[in-house]
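Predicted model only: the values in this text are computed from it and were never measured. Index from 1, following the sequence.
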Amino acid sequence: MAESKNDEPSSSPLHVVVFPWLAFGHIIPFLELSEHLARRGHFVTFVSAPRNLAKLRPVLPELKPRIRLAPLPLPAVEGLPAGAESTADVPPEKVELLKVAFDGLAAPFATFLADACAAAGGEGHGKKPDWIVPDFAHHWLPPIADEHKVPCALFLIFPAALLVFIGPKALNEAHPRAAAEDFMVPPPWIPSPSPIAYRRHEAEWLVQASCRPNISGASDMERFWNTLERCPLVACRCSREVDGSLCDLLDELYGKPFLPSGLLAPYDAARAGAADGGGDDDAETAGLLRWLDAQPARSVLYVAFGSEAPLAPEQVTALALGLELAGVRFVWVLRRPVGEDSPELPEGFEARGAGRGVVRVGWVPQVRVLAHAAVGGFFTHAGMSSLAESFLFGHPLVMLPLFADQGLTARLMAERRVGVEVPWRVDGGRAFASEDVAAAVRRVMLVEEGEEGEVFRRNAEELKEVLWDTARQERYIDDLVEHLLVQRRADS
């Protein structure tokens, strides 16, 4: 890519230290951002725990010289399983212990940064960092950066809808929200009408998991607000093509530059997935792809809820029976529960679905599956990383949001008629009905002229065309880099 903005002498390459929260839903977008920076000639030091770095997909060969991986070992914390370094390694109830371990990285990071800043006059990765790019959880990091006069640019992988819904600390103090009911309506700073609000079970999760202090001593909201306060610049994984006017509302709400980064969709993986011959596949992957090869075009529903969203046993059962009732072809990828070999499926489910459905436990090459011509829809939790992959192939969506930003995103996608959301029935518990799963699946996958599924497919295809306008998407990164360069010149 030509570096029209970055090739003047006063714009020598940046050295940027990026440091995501310990979840692969965060780590992967941070890696995508790092590769975009490296493509433009800048140097990136990517910080995380050692096992997380070992699990990363390979950095593109041409970018390896510009991306350095820097491991920071996590301190031991009582109750945290040995070797646990990401949210994928622990059950949900132990994530707060992971935050305790994460906060224990403050001193090692201070040492790392002091060493990095001591190399005055170096080049590339040996140069004093120009910027540090932390995540929402790093409330202890900006004071350390200030000691060394290194500015921070906060990178948020959350969609614009969540950031607008949360709002800044001052607005929350003016309009206090503490009970679940407070989060089940749009806040007063969002223009009406708006679908941006949580369902009850989502609001209860938000209050418990994000608004109240956990064992680490800080709530997620406090972490976010305190980190944000010390960062003069914020980048947000959103785009005007997907998030619309919400992107432009962020600057106004927060009173500082909020720059869209684009969705950081995995374009290289999508191109490779569409063209991959599969010569190096293991037996399970090869068998799955052969099964897909034998199915009619756009007839298979791909079902996957990512690595961070475990389903409770009763939810697995309801989902299985719903897929059976829907009567469509499917590939269902289930997360292996922590400490267990596999989730329990209804008795006889796999036998009854033989030939029509395939169940895989563990990892599959998701982008390659989504790229396959037999796949015609995606059943997802509506996490933005999964949606970004799906958008590249124009798949309509069946959405079952589980927590965090997923419900807000699902509401926006349903309003755009890109897919449908499975309703939850909350009657003293958290549940959805297999009949509702089946109905949602049929609405999306049964595509006849004049049917609703045709509308979903057409709208998904239109979104695909917009996102494959890569020049438009690259401009988001160009704008972000320009802001980093301009601020560096101003500081110097």
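Within the 4.5 Å cutoff, the side chain of Leu250 has heavy atoms near those of the Cys236 side chain.
Comment: Asp248 engages Arg240 in a salt bridge, judged by a side-chain N to carboxylate O separation of less than 4.0 angstrom. Using a 4.0 Å cut-off between charged nitrogen and carboxylate oxygen, Glu35 and Arg57 count as a salt-bridge pair. For Glu474 and Arg39, the salt-bridge test fails: no basic side-chain N is under 4.0 Å from an acidic carboxylate O. Contact check on Glu85 versus Lys55 returns no salt bridge, with no Lys/Arg side-chain nitrogen under 4.0 Å from an Asp/Glu carboxylate oxygen. A salt bridge links Arg411 with Glu202: the distance from a Lys NZ or Arg NE/NH1/NH2 to an Asp or Glu carboxylate oxygen falls below 4.0 Å.
Residues meeting the salt bridge (Lys or Arg N to Asp or Glu O under 4.0 Å) test with Glu181, sequence neighbours left out: Arg200. Shown here are the salt bridge (Lys or Arg N to Asp or Glu O under 4.0 Å) partners of Arg329, two or more places apart in sequence or in another chain: there are none. For Tyr302, the ring-ring contact (aromatic ring centres under 6.0 Å, His included) test picks out Phe378, with sequence neighbours left out. Legend: residues meeting side-chain contact (heavy atoms from CB on, under 4.5 Å) with Trp468, ordered by chain and number and at least two apart, are Tyr267, Ala270, Arg271, Leu392, Lys464, Thr470. Arg212 pairs by the salt bridge (Lys or Arg N to Asp or Glu O under 4.0 Å) definition with nothing, not counting sequence neighbours. For Lys99, the salt bridge (Lys or Arg N to Asp or Glu O under 4.0 Å) criterion is met by Asp220, not counting sequence neighbours. In terms of the side-chain contact (heavy atoms from CB on, under 4.5 Å) criterion, residue partners of Pro187 (sequence neighbours excluded) are, by chain and number, Phe165, Arg177, Trp189, Ile190. The side-chain contact (heavy atoms from CB on, under 4.5 Å) search around Ala433 returns Arg425, Glu435, Asp436, not counting sequence neighbours. Evaluation of the ring-ring contact (aromatic ring centres under 6.0 Å, His included) rule for Tyr254 yields Phe258 as partners, not counting sequence neighbours. With sequence neighbours excluded, no residue forms a side-chain contact (heavy atoms from CB on, under 4.5 Å) with Ala54.
Here the CD1-CD distance, from Ile477 to Glu32, works out to 9.5 Å after rounding to the nearest 0.5 Å. Going from atom CD of Glu222 over to atom CG of Asn214 covers 9.0 Å, rounded to the nearest 0.5 Å. With values rounded to the nearest 0.5 angstrom, Glu465 atom CD is found 13.5 Å from Glu241 atom CD. A distance of 6.0 Å separates CD1 in Ile157 from OG in Ser385, rounded to the nearest 0.5 Å. Rounding to the nearest 0.5 Å gives a distance of 9.5 Å between SG of Cys238 and CG of Leu156.
Within the structure, salt bridge (charged side-chain N to carboxylate O under 4.0 Å, His left out) contacts touching residues 350-366 (residues at least two apart or in different chains) are Glu324-Arg352. For residues 286-304, the salt bridge (charged side-chain N to carboxylate O under 4.0 Å, His left out) pairs, not counting sequence neighbours, are Arg298-Glu461.
In this structure, Glu347 places its CD atom where only 12 or fewer heavy-atom neighbours from other residues, nucleotides or ligands lie under 6.0 Å away. Atom CG of Leu60 has more than 12 neighbouring heavy atoms from other residues, nucleotides or ligands inside a 6.0 Å radius.
In this structure, Phe30 has its ring center no closer than 6.0 Å to that of Phe46. Ring pair Phe158/His26: centre-to-centre distance below 6.0 Å. Between Phe379 and Phe305, the distance from one ring center to the other falls under 6.0 angstrom.
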For this session: I would like to know whether Arg223 and Asp135 meet salt bridge (Lys or Arg N to Asp or Glu O under 4.0 Å); could you show each step before the answer?
Result: CA-CA 10 Å; Arg223 289 174 180 272; Asp135 206 335; over 6 Å; no

For this session: Take Val303 and Val331 through the test side-chain contact (heavy atoms from CB on, under 4.5 Å) and record every step on the way to the result.
Result: CA-CA 6 Å; Val303 185; Val331 170; over 6 Å; no

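Under the side chain to side chain contact (heavy atoms under 4.5 Å, CB included) rule, Ser34 has a single partner from Val59, Leu63, Val44, which is Val44. Checking each of Val361, Val358, Leu301, Leu319 against Trp332 for a side chain to side chain contact (heavy atoms under 4.5 Å, CB included) leaves exactly one that passes, namely Leu319.
Relative ring orientation between Trp205 and Phe403 is described as tilted, the plane-to-plane angle lying within the 30° to 60° band.
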